[in-house]
Every structure is written in C-alpha cells, then in structure tokens.
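Numbering of residues begins at 1 and proceeds along the displayed sequence. This structure is a prediction, so every number in the text was calculated from the model and none was measured.
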Amino acid sequence: MADRGLFITFEGTDGGGKTTQIQRLTADLREAGYDICLTREPGGTPISEQIRDMLLNPDHSEMAATTELLLYAASRAQHVSEVIKPALEAGKVVISSRFADATVVYQGYGRGLDLERIDRLNRIATDGVTPEVTFVLDLPVEIGLQRVQNSRGGLDRLEREKIEFHHRLREGYQIIARQEPQRLKIIDAQVSPDQVYAQIQAIIQSLLDK
C-alpha cells in the first residue's frame with residue numbers, strides 16, 4: 001500500500017484509447033490494494049464540469065483562444081484545490097485523464113498562444129502539483145478521429161478543428177516528451193489494447209517499486 005500520494009496522468013491524441021487504459025489500470029491498482037482517485041480534465045468537480053460543458057460545446061465556435069486558455073486554467077485550479085491535492089495528501093493514487101500538458105499542447109502548439117504565458121498560468125493553476133508519470137497514447141490523428149467518430153457518432157468543439165490543428169497537437173506532445181523524457185512516456189496506441197497496457201504496466205510497476 002502506498003504511504004504517499006502518486007499522481008498519474010494520461011494524455012495524447014483523440015481516439016488513443018485513454019479511457020480503456022485508465023479503467024484497466026484503475027481496476028488493477030484497486031485489486032492490489034491502492035486507494036484510487038479517478039478524475040479527468042476539463043472537469044473533475046461540479047464547477048469544473050460546468051466549465052467543461054462551455055469549452056467542448058460545438059455551439060461555442062466563436063470562443064477566443066485566450067478565453068479558452070483562461071477557462072481551462074480556472075477549471076484546473078478548482079480541480080487541484082478540491083480534488084487532486086487533498087487526494088495526494090491523503091496518500092491516494094490519483095489518475096487523471098489529461099492535466100496541464102494538455103493546455104501546453106492544445107492552446108500552445110495547437111492555438112499558437114505564447115508558451116511562457118501558458119507556463120506561468122499553469123504554475124498558478126496547478127499550485128505546484130506535477131504528475132510523477134504521464135502516458136501519452138500516440139497514434140496518427142486520422143485514425144484517432146475516426147475512432148472517436150465511430151464510438152460516439154459525433155465530435156466536440158475541439159475535435160472538429162481542422163486536421164492541421166490535430167497534427168500540431170501530436171507534434172506538441174512529442175516535443176514535450178523530448179524535453180521531459182523521465183516523466184512523459186510515449187506509448188504506441190496503434191497496437192492492440194493488451195499491448196498498449198503491457199507498456200503502461202511495466203512503467204507503473206517500476207514506479208511503484210521505488
């Protein structure tokens with residue numbers, strides 16, 4: 001049983017299978033006796049979920065990039081304060097679908113907003129909280145978007161962006177992974193779900209063994 005909190009995040013291109021892998025990891029860790037806090041961004045709290053609805057609503061196509069950035073930061077600040085920090089302080093393993101890296105990628109590399117400004121805003125919103133490991137589930141964007149379309153029958157506001165936007169997102173994750181190879185782990189999501197999970201499981205086990 002962990003005697004300290006552990007923060008794990010999942011990132012990557014849409015359709016990479018984050019939900020499937022998170023569910024599997026959560027089930028295995030719970031079976032092993034770990035106390036798990038499962039959450040997501042944007043969202044994770046009642047306030048943050050309302051902000052999520054605003055952000056992803058396809059009707060809000062007129063939303064300015066800076067507005068988008070500030071809404072994500074507001075959602076994250078509430079999420080960290082209300083859910084993530086208390087769970088980590090209680091010694092839980094926190095698993096989140098997306099976190100601060102998503103803002104760097106989507107609003108920085110995707111929208112072209114200033115990366116230094118995003119970094120300053122993220123540091124305020126996260127209040128010093130950083131994941132121990134971040135899994136980036138990577139696959140070609142065309143494949144990922146088709147998977148999303150097939151599974152949900154529709155795309156949210158960000159998923160509807162031009163294909164060039166999604167290519168910039170994928171490249172953004174790869175850039176961050178090169179900058180922080182100890183934390184960000186690129187996982188090939190084109191292989192079978194079992195093969196994807198095997199890659200994740202090996203890294204998690206080494207982390208838990210420390």
Side-chain angles (χ1 to χ4, degrees), residues 6-22 24-25 40-42 55-56 65-66 68-69 72-73 75-76 94-123 125-126 129-151 155-207:
L6 179 65
F7 189 21
I8 302 165
T9 58
F10 282 76
E11 299 276 357
T13 48
D14 292 307
K18 291 186 299 298
T19 300
T20 298
Q21 299 304 326
I22 287 171
R24 189 163 178 178
L25 178 60
R40 69 175 183 176
E41 287 206 353
L55 281 164
L56 301 185
T66 300
E68 186 179 273
L69 171 65
Y72 273 108
S75 173
R76 180 164 301 125
V94 178
I95 301 176
S96 181
S97 176
R98 302 202 186 278
F99 193 57
D101 294 306
T103 298
V104 177
V105 167
Y106 278 76
Q107 283 69 56
Y109 292 103
R111 300 293 191 207
L113 296 181
D114 184 76
L115 292 172
E116 290 187 9
R117 180 178 295 178
I118 291 172
D119 179 64
R120 291 195 298 271
L121 198 56
N122 263 339
R123 281 190 274 117
T126 61
V129 173
T130 303
E132 274 77 11
V133 65
T134 297
F135 295 108
V136 179
L137 302 190
D138 177 71
L139 78 170
V141 296
E142 293 85 356
I143 296 174
L145 290 172
Q146 189 60 55
R147 286 184 183 179
V148 174
Q149 182 75 45
N150 292 343
S151 64
L155 302 176
D156 65 33
R157 186 178 66 86
L158 292 173
E159 291 163 349
R160 293 184 183 193
E161 288 289 340
K162 294 178 180 178
I163 197 69
E164 292 80 10
F165 175 81
H166 294 281
H167 282 294
R168 292 196 297 273
L169 302 184
R170 189 184 186 196
E171 177 61 22
Y173 279 119
Q174 292 168 349
I175 291 170
I176 300 173
R178 290 194 293 269
Q179 294 170 340
E180 298 185 61
Q182 294 303 311
R183 179 175 69 85
L184 270 82
K185 306 298 182 182
I186 298 287
I187 304 294
D188 181 5
Q190 291 190 79
V191 298
S192 72
D194 284 347
Q195 290 172 308
V196 172
Y197 189 63
Q199 298 173 71
I200 294 169
Q201 196 173 35
I203 295 168
I204 287 293
Q205 193 57 54
S206 66
L207 194 62

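Using a 4.5 Å cut-off on side-chain heavy atoms (C-beta onward), I163 and V141 make contact. Y109 places none of its side-chain heavy atoms less than 4.5 Å from the side chain of Y173. For the pair R76 and N122, the minimum side-chain heavy-atom distance is below 4.5 Å. Looking only at side-chain heavy atoms (C-beta outward), Q174 and E171 come within less than 4.5 Å of each other. Here the side chains of R147 and L139 are in contact, with some heavy-atom distance below 4.5 Å. A 4.5 Å side-chain heavy-atom check between E68 and T103 finds every atom pair outside the cut-off.
Side chain of Q205 to backbone of A202: no donor-acceptor contact under 3.5 angstrom is found. Not a single donor-acceptor pair under 3.5 Å links the side chain of Q21 to the backbone N or O of I200. Between the side chain of E132 and the backbone N or O of F7, at least one donor-acceptor pair lies under 3.5 Å. Using modelled atom types, no side-chain atom of H166 and backbone atom of E142 make a donor-acceptor pair closer than 3.5 Å.
Looking at I187, I22, D188 one by one, the single match for side chain to side chain contact (heavy atoms under 4.5 Å, CB included) with L137 turns out to be I187.
Side-chain rings of F99 and F10 stay apart, their centers remaining 6.0 Å or farther from each other.
T134 and R183 form a side-chain donor-acceptor contact under 3.5 Å, judged by distance and modelled atom types alone. Residues T9 and R98 bring no donor and acceptor atom of their side chains to less than 3.5 Å of each other.
The environment of R117 atom CZ is sparse: at most 12 non-hydrogen atoms of other residues, nucleotides or ligands sit within 6.0 angstrom.
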